[in-house]
Each structure stands twice: as structure tokens, then as C-alpha cells.
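Notes follow once the structure below has been shown.
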2 protein chains.
Amino acid sequence: MQLDNRKKEVLHAIVDDYVSTNEPVGSKSLIERHSFNVSSATLRNDMAELEHLGLIEKPHTSAGRIPSDKGYREYVNSLMTIEELTPREQLEIEKRINTSVDEVTELIKNATHTLSETTGFVSLAMSPRLKKSFLKQLKILMIEPGKALVVMVLSAGVVKDKVVRIPNFLNDEQIMKISGAIEKSLTGKPLDEITLVTVETAGKSTDVPEPLLKQVLYEAYAAIKQADELNIYLEGEHRMLSLPDFSSLGRARDLLGTLSDSGMVAGYVNEMENAARELGNDDSYMIRIGQEITLEGLDDCSFITATYNLTDSVSGNIGVIGPKRMLYSKVISQIDFVKKKLNEEMKKFT
Amino acid sequence: MQLDNRKKEVLHAIVDDYVSTNEPVGSKSLIERHSFNVSSATLRNDMAELEHLGLIEKPHTSAGRIPSDKGYREYVNSLMTIEELTPREQLEIEKRINTSVDEVTELIKNATHTLSETTGFVSLAMSPRLKKSFLKQLKILMIEPGKALVVMVLSAGVVKDKVVRIPNFLNDEQIMKISGAIEKSLTGKPLDEITLVTVETAGKSTDVPEPLLKQVLYEAYAAIKQADELNIYLEGEHRMLSLPDFSSLGRARDLLGTLSDSGMVAGYVNEMENAARELGNDDSYMIRIGQEITLEGLDDCSFITATYNLTDSVSGNIGVIGPKRMLYSKVISQIDFVKKKLNEEMKKFT
DNA sequence: ATTAGCACTCTATCCTCCCGAGTGCCAACA
DNA sequence: TGTTGGCACTCGGGAGGATAGAGTGCTAAT
């Protein structure tokens with residue numbers, strides 16, 4: 001994008017003003033609020049040019065201009081400078097996150113909550129992608145005849161479990177044998193390398209009768225597979241209703257309708273993550289603006305996520321969905337800071 | 001409430017019409033839609049009377065009447081007749097709930113989801129009140145030095161666990177001793193009779209050094225206490241935005257804002273439950289209408305819950321939050337049916 | 001007790017008008 | 001060539017006003 005300096009400044013100013021006032025900005029108010037050493041007519045020419053480039057647009061003929069998706073994109077990519085949080089703001093966030101918790105999941109929920117409160121938008125986090133973590137322990141506990149609990153401890157310091165049904169006849173001892181056999185042969189294996197076959201092979205060494213054994217092994221396998229399922233935590237949906245951007249009930253409804261399908265949102269975040277990886281994108285955050293987001297009803301939103309790390313190979317996403325008319329520099333640094341703190345806290349678990 | 005038959009019919013008709021049209025109903029349209037064998041003037045007199053009794057009210061002088069909270073209350077208490085669901089509707093609900101799951105929690109979530117889908121409103125469920133259930137098993141598993149998992153199996157067929165921190169020096173054997181001691185002495189005790197003292201007494205019989213022991217016992221106690229904490233599952237908040245009753249953004253915002261604080265809603269449901277018990281109320285459902293609900297922003301809502309039973313002594317609530325302008329007879333039977341199915345399914349877990 | 005008739009009330013809706021902010025374009029200027 | 005003042009034009013939004021329509025309460029008659 002080739003823009004001379006003044007045009008850059010104009011676009012910058014338009015985005016800033018529109019973000020803060022929520023009103024289309026005209027050439028005159030631009031002059032009043034900023035110290036351009038030119039007349040409004042000159043800015044009008046610049047603005048015509050910017051509009052021609054598709055960076056800004058007018059809601060109707062006699063209104064001022066608002067940034068287009070492309071305009072926001074340009075702003076985010078080249079124009080804005082990310083500002084650090086003030087020590088006060090940092091403290092506020094630290095205080096909220098540092099609540100001591102015993103499980104990573106709680107920590108992530110904390111962070112999500114904090115993010116929604118500090119940004120005032122919808123926040124979300126994905127649970128860690130555990131496919132790359134490996135099994136450290138696996139125990140099957142008899143609960144009662146026909147019912148057992150599979151407990152797995154993963155390398156990332158995460159504990160997962162699942163209640164499973166097992167044949168009624170099996171006794172404690174048999175279960176322990178199977179449990180031991182699986183543990184022995186699968187310990188150290190990354191979850192994504194464990195298949196039904198691997199588990200079945202592991203169980204062969206026991207002397208438990210075939211059909212019974214097979215069912216238990218299958219359930220154990222199912223438990224392991226469930227352990228690396230992704231969860232998403234969404235919070236603060238109602239905050240969107242307070243934003244003027246969603247004062248139209250229709251938009252608000254579409255937005256919250258889409259967000260209520262958390263599985264769909266999770267899928268989308270996953271896509272974003274994969275796309276970023278393929279592109280070798282090593283920015284510390286990802287941004288999607290307006291129509292760039294392929295979820296229905298999010299046309300007026302921006303989606304910003306960062307990647308947190310539980311271990312070197314196990315990571316997840318945390319971020320925000322807000323109106324595209326947002327203070328990007330601020331929000332990005334908030335997310336970034338929360339992510340940083342989250343990473344620090346996570347070290348305590350691994 | 002002393003009402004002659006025709007006045008009852010009039011109130012009934014007003015509620016029905018208002019529920020289905022969402023428009024204040026006048027004497028004339030009442031005549032048109034129902035077969036009263038009197039003139040509109042007579043109904044006007046009746047309506048003036050009903051208004052005097054506080055059962056209906058007018059939004060403004062020249063509009064028709066709408067039911068007041070008291071009017072809905074009268075309708076619900078004495079006027080309506082609950083209609084059975086059609087076989088078709090029943091089938092639809094059964095199909096959704098019968099999805100096989102391994103845990104009670106999943107089952108409850110299923111039911112909540114179903115309820116929101118079939119009513120089109122916000123649905124909610126409380127996790128079972130486990131205070132009255134007793135401990136069947138308690139195991140403490142070493143995960144790694146300094147970290148253990150407390151697994152509890154409760155009489156209601158529920159499995160709970162919690163990761164806890166323990167002193168680094170403790171070894172597997174010591175933990176097993178403690179675990180065994182606690183289990184031995186607490187098995188069969190209802191959760192609400194287990195105190196820190198009980199747990200500490202249980203642990204005395206082991207030969208683990210005092211300060212280390214104490215910490216583990218405390219953590220075990222904390223895990224037990226956490227097991228009977230109540231959770232609430234809320235679903236379908238966004239559906240409220242599609243209702244004409246919440247077409248004003250302000251109302252919608254207040255409502256969703258309140259619902260976003262699930263802890264507060266849970267507390268309120270608890271209060272309702274307790275109040276009903278104290279009154280010895282053995283209706284199969286509880287209803288709160290409009291201002292009867294003491295939560296902010298729910299003035300235009302009704303809150304209907306039923307009690308499901310996991311065992312004789314362990315129960316929880318499931319229900320709906322909808323606009324007070326709702327088809328009570330239908331919604332109540334939907335909730336009732338879901339509850340019935342939920343109870344049936346729960347038998348499989350206990 | 002019920003009814004017909006009537007005057008009255010109030011909202012919702014539709015028009016119309018007008019203000020003001022903003023634009024695009026043109027001609028003049030540096 | 002880039003900048004500027006001037007000006008006619010556009011359009012949305014708000015104010016004001018008229019009107020229709022649904023509904024009410026009251027009264028007098030049945």
C-alpha cells in the first residue's frame with residue numbers, strides 16, 4: 001500500500017476519531033481535532049483518494065467517512081503503535097490472574113475472565129492442545145462392578161479422567177493388570193500417536209479373557225482420545241449489548257446466536273491457528289477484522305488471539321472478540337500482557 | 001380470590017390472547033375471538049372489575065388490557081389446565097435426552113440443552129445437591145512429588161476428583177496409608193456430616209509425621225467439600241433476543257447481564273428450593289412470575305423449575321427462564337416431561 | 001344485570017419541513 | 001502540481017402536526 005505521509009496520518013486520524021466518537025468523521029472535524037497544517041479542502045482530496053483505495057467509506061453521501069475493513073487492516077498492520085499498559089493496569093491484571101488455583105483449567109478460566117473484564121468485550125480461550133503431550137501415568141480404578149474411572153496424568157501437568165463402563169464380571173485385580181499393562185507400554189507416548197491398535201497391543205500381555213479385555217481396552221482408548229479434545233471458554237457475551245456498535249437488536253442477536261455455538265467458535269479458532277502456522281506467521285498475535293471473519297454475524301467484530309504455552313510443545317489460544325471499532329493498540333497489549341502472565345503462571349504447573 | 005365464572009373466563013381469555021398476540025387486548029377483540037354470550041360493554045364492566053382487583057392493567061388509557069403479575073399468578077394457580085405433550089413432542093424430547101452418556105453431569109447438560117431447544121427460552125439446571133449422599137470410596141493417587149489426585153465415589157453414582165498439593169517428601173506408601181485410613185472411617189458418611197475434625201480424626205491412626213499428615217488431611221477435606229459444591233448450567237441466553245418482549249435493548253442487556261452471573265442465579269434457585277421446602281410445598285414445579293423474582297432485570301420474566309431426583313435423598317433443579325408472557329401450560333408440561341425422562345435416565349447411574 | 005350509544009383519550013404513524021454537517025467540484029492561487 | 005476558498009448539492013435525522021383507530025368509561029334504557 002503506497003500512501004504518502006499525510007494520507008497515512010489522515011487514515012490514522014480517521015480511525016482514531018471514529019473509534020473514540022463512533023461517528024463518521026468529516027474533513028472539518030478532522031482539522032479541528034488534529035493539527036494538520038492544511039485546509040479541510042485538501043483533506044477532502046486526500047479522503048477521496050483514500051476512499052478510492054477502499055480504505056474508508058461513507059455510510060451515505062452527506063456523512064463523514066468511516067474506516068473500511070481494509071482501512072482497519074492497514075491501520076493495524078502499518079499505522080498504529082502498540083502502547084504498553086500502565087503499571088497500574090498491569091497490576092490490576094496481575095492481581096486477578098494470580099488467584100491461586102490447583103488446576104490449569106482454572107487458571108485459564110481466570111485469565112479469560114480477566115480479559116473480558118479488562119477489555120469489556122467477549123473473551124475466549126482454548127484449552128491446551130494436548131496432542132503433543134505424552135502420557136505420564138494411566139490408572140484404571142474400579143468404582144463398582146461395571147464401572148471404572150480412567151485417570152491419566154499428562155506430561156503437561158494436566159490430569160484428565162473419564163468414567164467408563166466395563167464388563168460386570170471383571171474384578172479389581174484384573175483391572176489393575178490391564179491398567180498396569182497399558183501404562184507400562186504407553187507411558188512416554190504422545191497422545192496423537194496412541195491409536196486403538198497401540199492400546200490393544202499394550203493389553204495383549206495380560207491374561208484377561210479376550211472379549212472382556214477388548215471392551216476395557218476400547219474404553220481406555222476412548223478415555224485417552226477424550227483427553228485431548230479441545231474445549232473453549234467463552235465469557236462476557238452480554239457485554240456486547242452495551243456497545244453502540246450492536247445497538248441494533250438484529251446484529252446483536254446474530255452475534256450472540258453465533259457465539260452460543262461454542263463448538264463452532266472453537267473450530268474457527270483452530271482454523272485461524274492452523275492457517276497462521278502454515279504461513280509461518282510468528283507474530284505474537286493474530287487478528288481478523290470484520291468480513292475477514294468467516295463466522296456469521298461477526299461482520300462488525302474483530303477477533304484477536306494470542307498463543308499461550310503450557311510447555312514448549314503444548315499451547316492454546318486466548319483472545320478477544322470485540323467490535324471492529326476498537327482501540328486496537330490497547331486491546332492487543334492487554335491480550336499480550338494476559339498471555340504473558342498466563343505463561344508465567346503455567347510454569348508452576350509443569 | 002373470589003371471581004364469578006365469567007370473570008374467570010375473561011381473565012383466562014385475556015391471558016391467552018395476550019400471550020399469543022403480544023398486544024393489549026380490548027373488549028371488542030375479546031368478543032370476536034371468543035364466544036362470550038354477552039356484549040362488549042358487559043366485558044368492559046368485568047374488565048374494570050378485574051383491573052380494580054389488580055389482575056389486569058392497561059399500558060395507557062386508550063389501550064387494551066394486559067395481565068399483571070397477579071393476573072398471571074391467578075391464571076397459573078387456578079385457571080389454566082396443563083396439557084399433555086403430543087406423542088410427537090414427547091418423542092422429540094426423548095430422542096434428544098437418550099443420547100448415551102457416561103456421566104450424570106453430561107446427562108444433565110443434555111437435558112438442559114433439550115429444554116432450551118424445545119421451549120425456545122433460557123434453560124437451566126442445578127447439579128445434584130450431594131450433601132446428603134455419602135462417601136463410597138475415597139482414593140488419593142500420587143501424581144508426582146508434591147501433587148496428588150483425590151478421587152471420591154459417592155453413593156449417588158457420582159465420581160468427583162480434585163488435584164491437590166501435598167508435601168514433596170511424602171511417598172506413595174504414605175499417601176496410600178492416609179488414603180486408606182480416611183476411606184475406612186468416612187465410608188458411608190453423608191458429605192454434610194464430614195468436617196475437618198472428622199477427617200483429622202480419621203487420619204490419626206496412621207504413623208505419618210504430624211505436620212505432613214495435617215496438610216494432606218486438610219487437602220482431602222477441601223476436596224470433599226468441593227465435591228458437594230453446586231454448579232449451574234445455563235443455556236440459550238441468546239434466545240431471549242429473539243423475543244418481542246425483549247426488543248428493547250435496555251431490557252435485554254439487563255437480563256443477559258444478570259444471567260451472566262451464574263453464581264447469582266444459582267443462589268436464587270437455591271433460595272427458591274429452600275423456600276418451597278419450608279412451605280412443605282410438594283407441587284412438582286415452582287413458578288415465580290415477574291416481580292416475584294428478586295433478580296435484577298427479570299421483571300418481565302417467569303422462572304419455572306422442577307425438581308429431579310438422582311436418588312431418594314439427592315436431587316437438583318431443572319427449569320426455564322422465559323418471558324412472563326409465555327404459554328405456561330405448554331412450558332410446564334415440557335419441563336415436567338424432561339424432568340420425568342431425566343429421572344428415568346438417572347436410575348441407570350445409581 | 002346487561003346493553004347500545006357516545007364522547008373522550010391516547011398512541012402510533014405518516015407527512016412535511018428544515019437544519020446542519022459533509023461532500024464534490026471548480027476556479028484561483030503559490 | 002499541490003493547495004485553497006467558495007459554493008451548490010445531498011441526505012439523514014429531528015421537530016411539528018394532522019389523522020386514524022382502537023379502546024375506554026359513563027349514562028340511560030331495557
Side-chain angles (χ1 to χ4, degrees), chain A residues 2-11 13-18 20-68 71 244-245 247-248, chain B residues 2-11 13-18 20-68 71 244-245 247-248:
Chain A
Q2 297 296 19
L3 289 178
D4 64 50
N5 276 337
R6 199 184 55 223
K7 292 213 183 66
K8 282 185 185 168
E9 277 170 39
V10 171
L11 178 55
I14 290 175
V15 173
D16 283 350
D17 283 12
Y18 183 60
S20 62
T21 65
N22 192 27
E23 263 162 33
V25 351
S27 53
K28 205 162 170 188
S29 59
L30 219 40
I31 293 282
E32 278 166 19
R33 254 193 295 251
H34 305 264
S35 44
F36 290 104
N37 293 318
V38 291
S39 77
S40 65
T42 309
L43 291 195
R44 274 205 290 285
N45 290 333
D46 288 349
M47 288 161 81
E49 180 74 12
L50 289 172
E51 183 172 3
H52 197 71
L53 291 168
L55 295 166
I56 56 180
E57 51 199 21
K58 20 182 194 204
H60 46 260
T61 325
S62 73
R65 307 300 217 293
I66 62 175
S68 66
D245 310 71
S247 60
S248 134
Chain B
Q2 297 296 17
L3 288 179
D4 65 50
N5 276 337
R6 200 185 54 225
K7 291 210 185 68
K8 281 184 186 169
E9 278 169 38
V10 172
L11 179 55
I14 290 176
V15 173
D16 282 350
D17 284 11
Y18 183 60
S20 62
T21 65
N22 191 26
E23 261 161 36
V25 353
S27 53
K28 206 165 170 187
S29 60
L30 219 41
I31 293 282
E32 278 167 21
R33 253 193 295 252
H34 305 264
S35 45
F36 290 103
N37 294 318
V38 291
S39 76
S40 66
T42 309
L43 290 195
R44 276 206 289 286
N45 290 333
D46 288 350
M47 287 161 83
E49 181 74 9
L50 290 172
E51 182 172 4
H52 197 72
L53 292 169
L55 295 167
I56 56 179
E57 52 198 21
K58 20 180 191 203
H60 47 260
T61 327
S62 73
R65 307 300 217 294
I66 61 175
S68 66
D245 310 72
S247 61
S248 132

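Every chain is numbered from 1 and lettered A, B, ... according to where its sequence line falls, protein lines coming before strand lines. Computed from a prediction, not measured in an experiment: that's the story for all the values here.
- Between B:Ser27 and B:Ser40, the shortest heavy-atom distance links the atoms CB-O, 3.7 Å.
- Salt bridge status for A:Glu51 with A:Arg65: present, with a side-chain N to carboxylate O gap under 4.0 Å.
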Taking N or O atoms only and anything under 3.5 Å, show me the protein contacts with nucleotides 17-20 of chain D, one pair per line.
none

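- Taking every heavy atom of both residues into account, A:Tyr18 and A:Glu23 meet most closely at CD1-O, 3.3 Å.
- Remark: B:Asp16 CG to B:Thr21 OG1 distance equals 10.5 Å, nearest 0.5 Å.
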B:Ile14 and B:Met47: CA distance, side-chain angles, deciding distance, side-chain contact (heavy atoms from CB on, under 4.5 Å) verdict
CA-CA 10 Å; B:Ile14 290 176; B:Met47 287 161 83; 4.2 Å; yes
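- Closest-nucleotide positions on DNA chain C for A:Pro24 and B:Thr61 were compared, and the one nearer the 5' end corresponds to B:Thr61.
- For the pair A:Glu57 CD and C:dG22 P, the computed distance is 17 Å after rounding to whole Å.
- Distance A:Ile66 CD1 to D:dG12 C1': 15 Å, rounded to the nearest Å.
- Here the P atom of nucleotide C:dA12 and the CD atom of B:Glu23 are 11 Å apart, to the nearest Å.
- When each of B:Asn37, B:Val38, B:Leu11 is checked for a side-chain contact (heavy atoms from CB on, under 4.5 Å) with B:Arg6, only B:Val38 meets the rule.
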Would you check, one step at a time, whether the test side-chain contact (heavy atoms from CB on, under 4.5 Å) holds for B:Glu49 with B:Leu3?
CA-CA 10 Å; B:Glu49 181 74 9; B:Leu3 288 179; 5.9 Å; no
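- The distance between atom CZ of A:Arg65 and atom P of D:dC11, rounded to the nearest whole Å, is 14 Å.
- The one candidate from A:Val25, A:Leu43, A:Asp4 that meets the side-chain contact (heavy atoms from CB on, under 4.5 Å) condition with A:Val10 is A:Leu43.
- Distance from the side chain of B:Glu51 is smallest for D:dG25 among the nucleotides D:dG25, C:dT2, C:dG24.
- In this entry the distance linking NE2 of B:His60 with C1' of D:dG25 reads 16 Å, nearest Å.
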Each nucleotide N or O in nucleotides 15-21 of chain C that has a protein N or O under 3.5 Å away: list the pair and distance.
none

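- Pairing each heavy atom of B:Leu30 with each of B:Ala13, the nearest pair is CD1-CB, 3.9 Å.
- Listed by residue number, B:Arg44, B:Met47 are the residues of residues 35-50 of chain B with a heavy-atom contact under 4.0 Å to DNA chain D.
- The two atoms that bring B:Gly64 and B:Lys58 nearest to each other are O-CB, 3.5 Å, heavy atoms only.
- One interatomic measurement links the two molecules: CZ of B:Arg6 to C1' of C:dA1, which rounds to 8 Å at whole-angstrom precision.
- Using a 4.0 Å cut-off, no side-chain N or O of B:Lys7 falls inside it from OP1 or OP2 of C:dA1.
- Summarising the geometry, the separation between CD1 on A:Ile14 and P on C:dG22 is reported as 12 Å, rounded to the nearest angstrom.
- Around NE2 of B:His52, the count of heavy atoms belonging to other residues, nucleotides or ligands within 6.0 Å does not exceed 12.
- For the pair A:Leu30 CG and D:dT4 P, the computed distance is 14 Å after rounding to whole Å.
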